[in-house]
Protein chains: 2
Amino acid sequence: MKFSTRTRYGLRFLVFLAMHRNGPDFIQLKQVAEEESISMKYLEQIVRLLKRSGLLAVSRGAYGGYALARAPEDITMREVFISLEGSLSPVGCLDGKLTCAKFGHCETFEVWHGLENAMSDYLVKISLKSLVDEYLEKNKKKTVAAIPPAPMERSVINV
Amino acid sequence: MKFSTRTRYGLRFLVFLAMHRNGPDFIQLKQVAEEESISMKYLEQIVRLLKRSGLLAVSRGAYGGYALARAPEDITMREVFISLEGSLSPVGCLDGKLTCAKFGHCETFEVWHGLENAMSDYLVKISLKSLVDEYLEKNKKKTVAAIPPAPMERSVINV
DNA sequence: GGATTTCCTACCTGATTGATAGGGTATAAC
DNA sequence: GTTATACCCTATCAATCAGGTAGGAAATCC
C-alpha cells in the first residue's frame with residue numbers, strides 16, 4: 001500500500017507554493033517542474049486536481065501561474081490527500097465504489113473503518129504551514145536558499 | 001491508495017480461523033476458500049505470507065491444515081498488516097526501498113512519517129480477538145451459525 | 001501405496017501507473 | 001492586433017502490478 005507519485009508530487013507542489021509566498025504573487029508551473037525535477041506535462045495534470053478542489057488560485061496568460069487559494073495554516077493535509085487520492089478510504093466499500101457480497105455483515109469492516117478514521121484524524125491536524133514550519137525548524141534555516149539548487153537527475157525517483 | 005486483495009483476503013483468513021477455534025485443530029485451506037469465495041490457489045499464496053511471519057501453525061499432509069500460532073488476543077492488526085503488506089509505510093523511502101534525491105532534506109517527510117505512525121498506533125491497539133468480538137457484538141450472536149451459508153458467486157469482489 | 005493437503009515456481013491477462021505528446025484556449029505585454 | 005506565455009484538454013503508450021491459474025513436488029495419514 002503505497003501512495004502514488006500523483007499524491008507525492010501534488011503535495012510537493014503545494015509545499016513549494018507555501019515556501020515561496022514571499023516571492024511573486026504567482027508561481028509558474030515550469031519553475032516548480034524544473035526545481036522539483038518533475039515532468040512539466042505530468043505535473044500539469046496533477047495540479048489540475050488541486051485546482052478543481054479549490055486549493056489553488058490561478059492567473060492565466062503571460063506571467064501567470066499558481067498560488068495558494070488560502071493561507072497555508074488553513075489548508076490541512078486531509079484536504080490535500082482527499083483532493084489528490086479521491087478519498088482516504090483504504091478499501092472500496094468505504095466510499096461506496098464496490099458492491100461487496102459481505103457488505104453489512106463483514107467481520108473485517110470495523111478495522112478498515114477505524115483505520116480510515118485514524119488516518120483522517122492525523123491528517124486533519126497537520127496544516128501546510130505546520131508541515132513547512134517543522135521542516136524549516138529541523139533544517140535550521142528561516143528562509144529559502146537564495147541560490148536555487150543545481151538541477152537534479154531526471155531519472156531519480158523523488159518522493 | 002487502496003489495500004490489495006492480498007491483505008483483505010489474508011485478514012479474512014485469520015478472522016475465519018479465529019472464529020472457528022471451537023472446531024477441529026486444523027482448518028483446511030479448501031474450506032476457507034469455499035466459504036469465503038476466494039480462489040484456493042490464490043489464497044494459498046497469501047497464506048504463505050502469514051506462515052512465514054509465524055502467525056500460523058501448520059500441519060501438512062492428509063487431514064492437515066492451518067491454525068493460529070497464538071491466541072487471537074495476542075495477534076495485533078499491526079502484525080497482520082505488516083505480514084501481508086511488507087510494511088505500513090505509505091512511501092518507499094520509509095522502508096529504505098527507494099533512493100530518493102530528497103532523502104535527508106525532504107519537506108514532506110514528516111507527514112509521511114507521521115501518517116505511518118498514526119496507522120501503526122491504531123492497528124497495534126486492535127487484536128484479532130477484539131475485532132471478532134466487536135463483530136459478534138454488533139451482530140448479536142455469540143456463536144458462529146451452525147448451518148454454513150450458501151456458496152456465493154465467485155464473480156463478486158469481496159473485501 | 002494411495003489419498004489428501006500443504007508447499008513452491010512459473011506463467012498469464014487486464015488494469016493501473018507514470019508519464020509523453022500535441023494541440024487548443026485564454027490572457028497579458030507590447 | 002500580434003506575439004509570447006501560460007493554462008487546459010485528450011489521446012497514447014510502455015512498464016509495472018494486481019489478481020488469478022496451473023502443474024507438480026513434498027509431507028503426512030490411513
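Treat the numbers as computed from the prediction; the structure is a model and nothing was measured. Throughout, protein chains are lettered first and strands after them, A, B, ... in sequence-line order, and every chain is numbered starting at 1.
Residue B/Q45 places a side-chain atom within donor-acceptor reach of the base of D/dT21, judged by atom type and a 3.5 Å distance cut-off alone. Judged by atom type and distance alone, B/K41 reaches the base of D/dG24 through a side-chain donor-acceptor pair under 3.5 Å.
Atom CD in A/E36 sits roughly 14 Å away from atom P in C/dA19 (whole-Å rounding). The interatomic distance linking B/E34 (CD) with C/dT5 (C1') rounds to 14 Å, in whole Å. Summarising the geometry, the separation between CD on A/Q28 and C1' on D/dA6 is reported as 8 Å, rounded to the nearest angstrom. The nearest whole Å value for the distance from the CE atom in A/M40 to the C1' atom in D/dC8 is 11 Å. One can place OH of B/Y66 at 14 Å from C1' of D/dT28, the figure rounded to the nearest angstrom. Between the CD1 atom of A/I46 and the P atom of C/dT20 there is a distance of 11 Å, rounded to whole Å. With rounding to whole Å, B/I27 atom CD1 is found 14 Å from C/dT5 atom C1'. For the pair A/E85 CD and C/dG18 C1', the computed distance is 14 Å after rounding to whole Å.
Out of D/dT21, D/dG23, D/dC30, the shortest distance to the side chain of B/Y42 is found at D/dT21. Set against D/dC29, C/dG18, C/dC7, the side chain of B/Y63 has D/dC29 as its closest nucleotide. For B/R60, taking side-chain heavy atoms from C-beta onward, the closest of the listed nucleotides C/dA26, C/dT5, C/dC7 is C/dC7.
For the OP1/OP2 pair of D/dC7 and a distance below 4.0 Å, the side-chain nitrogens and oxygens of A/K51 include no atom meeting the criterion. For D/dA18, the OP1/OP2 oxygens have no side-chain nitrogen or oxygen of B/Y9 closer than 4.0 Å. Using a 4.0 Å cut-off, some side-chain N or O of A/T5 falls inside it from OP1 or OP2 of C/dG18. Between C/dT20 and A/S39, a contact under 4.0 Å exists linking OP1 or OP2 to a side-chain N or O.
A distance of 7.0 Å separates CD1 in B/I82 from OG in B/S87, rounded to the nearest 0.5 Å.
Aromatic ring centres of A/F3 and A/F81: separated by under 6.0 Å. Between B/Y122 and A/W112, the gap from one ring centroid to the other reaches at least 6.0 Å.
Side-chain atoms of A/E73 and A/S127 include no donor-acceptor pair closer than 3.5 Å. Checking A/E116 against A/S89 by side-chain atom types alone, no donor-acceptor pair falls below 3.5 Å.
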